[in-house]
Amino acid sequence: MQVGELVERVRGGDRRALARTISLVENAAPQLREITAGLAPAAGRARITGLTGPPGVGKSTSTSALVAALRARGETAAVLAVDPSSPFTGGALLGDRVRMQEHATDPGVYIRSMASRGHLGGLSWATPHALRVLDAAGFDHVLVETVGVGQAEVDIAAHADTTVVLAAPGMGDGVQAGKAGVLEIADILAVNKADREGAQAAVRDLRQMVAQVDRAPEEWKPPVVAMSAAKGEGVDDLLKRLDDHAAHLRATGELERRRRARARREIEAIAMAALVERLADVRGHAALDALAGEVAAGGDPYAAADSVLAALEG
Ligand code: GDP
């Protein structure tokens, strides 16, 4: 299929074209440059929501429940599950999950997992590409579910308009959220498994942690909601908070600021990837390795970088 036709089909929401294009993203295929140019004018309409939290907290269950709530309102949704910790798990990640099966035949829902195949830039490069594809396909919502904890999770969350951080009772939630810097990225905190003991304490702890952060009165204060995704309880409340946050983003100009910050990071990621490739082209991998050997043995890394940059300019 020609790139032009693929782009047209993606813009029309064709599933096979979507699947194929996201595989191209995973593999950092050279056609992406042209595909991206074709999709960019159609993107920017979807609301992008990130859901993150430690494994087992209920991200998939919550995502599925949210999708159901959105569909009940007649809105469409695409789900992208990304796994920063394991580059090779690929497409099986979500496809196998029974929880998502209820949406499998719904034409208003598209579900896909993505791994980075270890190429340069990894998921920080691939995620914005995949989000653009789903956005341009015309979904009202794109939900990005990230697996794993720590910095990778924080990085991935930076691709969303709104980030929901999930916690659950008995998972060291508050502490974990605070430690990994995850609290800072939360626009909404959701304590899932509220049917379990300790949920109210977790809500209280998280509210306290939120209250300790300095913010101006007009700034968004992340609400802490309790829900039981498995039972479908509290999901409407989460959806309402998501709507509130979306309205806040639009009213304050924060949406534009966030999207610009993302665009800037994307430009930098593309430029960095291109730069590193050109470095290897100009100097050759062997020469770079030799330089690395010198620096590792006590050489001056700045001088080495200078010589590499000089070769680029020359
Ligand atoms: P993920 O790894 O964060 O995506 O978590 P999953 O959505 O796969 O859920 C992990 C486990 O928690 C599964 O066994 C779910 O059935 C269970 N679970 C999810 N939500 C709830 C809930 O609200 N209450 C209870 N008790 N269990 C839940």
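None of these values were measured; they are calculated from a predicted model.
A distance of 8.0 Å separates CE of M1 from OG1 of T21, quoted to the nearest 0.5 Å. To the nearest 0.5 Å, atoms OG1 (T127) and NE2 (H159) are separated by 4.5 Å. Between D14 atom CG and L18 atom CG the span is 7.0 Å, to the nearest 0.5 Å. Once rounded to the nearest 0.5 Å, the distance linking CD of E145 with CD1 of I111 reads 9.5 Å. If you take NZ on K240 and CG on D236, they are separated by 11.5 Å, rounding to the nearest 0.5 Å. To the nearest 0.5 Å, atoms CG (L242) and CZ (R47) are separated by 6.5 Å.
A distance-only check finds a donor-acceptor pair linking the side chain of R262 to the backbone of A160 [under 3.5 Å]. A donor-acceptor contact shorter than 3.5 Å links the side chain of D135 to the backbone of A46. A distance-only check finds a donor-acceptor pair linking the side chain of R71 to the backbone of E75 [under 3.5 Å]. Distance alone, capped at 3.5 Å, places no donor-acceptor pair between the D195 side chain and the S228 backbone. When atom types are taken as modelled, the side chain of R132 and the backbone of T36 share no donor-acceptor pair closer than 3.5 angstrom. A distance-only check finds no donor-acceptor pair linking the side chain of R9 to the backbone of R15 [under 3.5 Å]. D300 places a side-chain N or O within donor-acceptor distance of the main-chain N or O of Y302, the cut-off being under 3.5 Å. Of the possible donor and acceptor atoms, one in the side chain of R45 sits under 3.5 Å from a partner among the backbone N and O of G138. Here the side chain of K59 pairs a donor or acceptor atom with the backbone of G53 at under 3.5 angstrom. No donor-acceptor distance shorter than 3.5 angstrom exists from the side chain of D237 to the backbone of A226, with no hydrogens or angles considered.
Within 6.0 Å of CD on E34 lie no more than 12 heavy atoms contributed by other residues, nucleotides or ligands. No more than 12 heavy atoms of other residues, nucleotides or ligands lie within 6.0 Å of CZ in R16, so this atom counts as exposed by the packing criterion. Annotation: R264, atom CZ; neighbour count of heavy atoms from other residues, nucleotides and ligands within 6.0 Å does not exceed 12. The neighbour count for E218 CD, taken as heavy atoms of other residues, nucleotides or ligands under 6.0 Å away, is above 12.
Between K231 and E233 there is no salt bridge, since no side-chain nitrogen of the basic residue lies less than 4.0 Å from a carboxylate oxygen of the acidic one. Using a 4.0 Å cut-off between charged nitrogen and carboxylate oxygen, E256 and R260 count as a salt-bridge pair.
In this structure, V235 and A229 approach most closely via the heavy-atom pair CG2-CA, 4.4 Å. Heavy atoms only, all atoms of each residue included: G38 and P41 are closest at O-CD, 3.6 Å. Summarising the geometry of Y110 relative to I22, their closest heavy-atom pair is CE2-CD1, 4.5 Å, with the distance given to 0.1 Å. Here the closest non-hydrogen pair linking A130 and V25 is N-CG1, 4.2 Å. Closest approach of R112 to S23, counting heavy atoms only: NH2-OG, 3.3 Å. Of all heavy-atom pairs between S307 and L291, the closest is OG-CD1, 3.7 Å.
Side-chain polar atoms of T146 and T52 form a donor-acceptor pair below 3.5 angstrom. Counted by atom type alone, H248 and E254 present zero donor-acceptor pairs between their side chains at under 3.5 Å. A side-chain donor from one of H103 and S64 sits under 3.5 Å from a side-chain acceptor of the other.
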Evaluate the side chain to side chain contact (heavy atoms under 4.5 Å, CB included) criterion for residues S113 and L80: first the C-alpha distance (whole Å), next the side-chain angles of each, then the deciding distance (0.1 Å), finally the verdict. CA-CA 5 Å; S113 40; L80 181 73; over 6 Å; no
Carefully, step by step, assess V225 and L189 under the rule side chain to side chain contact (heavy atoms under 4.5 Å, CB included). CA-CA 6 Å; V225 301; L189 285 147; over 6 Å; no
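Looking at heavy atoms from C-beta onward, Q200 lies out of side-chain contact with D205 at the 4.5 angstrom threshold. Between M227 and S62 there is a side-chain heavy-atom pair separated by less than 4.5 Å. At least one side-chain heavy atom of D161 sits under 4.5 Å from a side-chain heavy atom of R259. Counting heavy atoms from C-beta outward, V191 and L206 have side chains that approach closer than 4.5 Å. For the pair H129 and V133, the minimum side-chain heavy-atom distance is 4.5 Å or more. Residues P222 and R215 are in side-chain contact: their nearest non-hydrogen atoms beyond the backbone lie under 4.5 Å apart. With a 4.5 Å cut-off on side-chain heavy atoms, W125 and I270 count as touching. Within the 4.5 Å cutoff, the side chain of Q31 has heavy atoms near those of the L24 side chain.
Tracing side-chain contacts under 4.5 Å through hydrophobic residues (I, L, V, M, F, W, Y), one never reaches V295 starting from V276; they form parts of separate clusters. By the rule that hydrophobic residues join a cluster once side-chain heavy atoms approach within less than 4.5 Å of another member, V144 and L255 end up as members of separate clusters. Residues V224 and V213 fall into different hydrophobic clusters, defined by Ile, Leu, Val, Met, Phe, Trp and Tyr side chains chained together at heavy-atom separations under 4.5 Å. One hydrophobic cluster, built from ILVMFWY side chains closer than 4.5 Å, cannot hold both L249 and L70; they sit in different ones.
With respect to I188, the side chain to side chain contact (heavy atoms under 4.5 Å, CB included) criterion is satisfied by exactly one of V165, L166, L238, T163: L238. For the side chain to side chain contact (heavy atoms under 4.5 Å, CB included) test with L51, the passing option among T162, V57, L66 is L66; the others fail.
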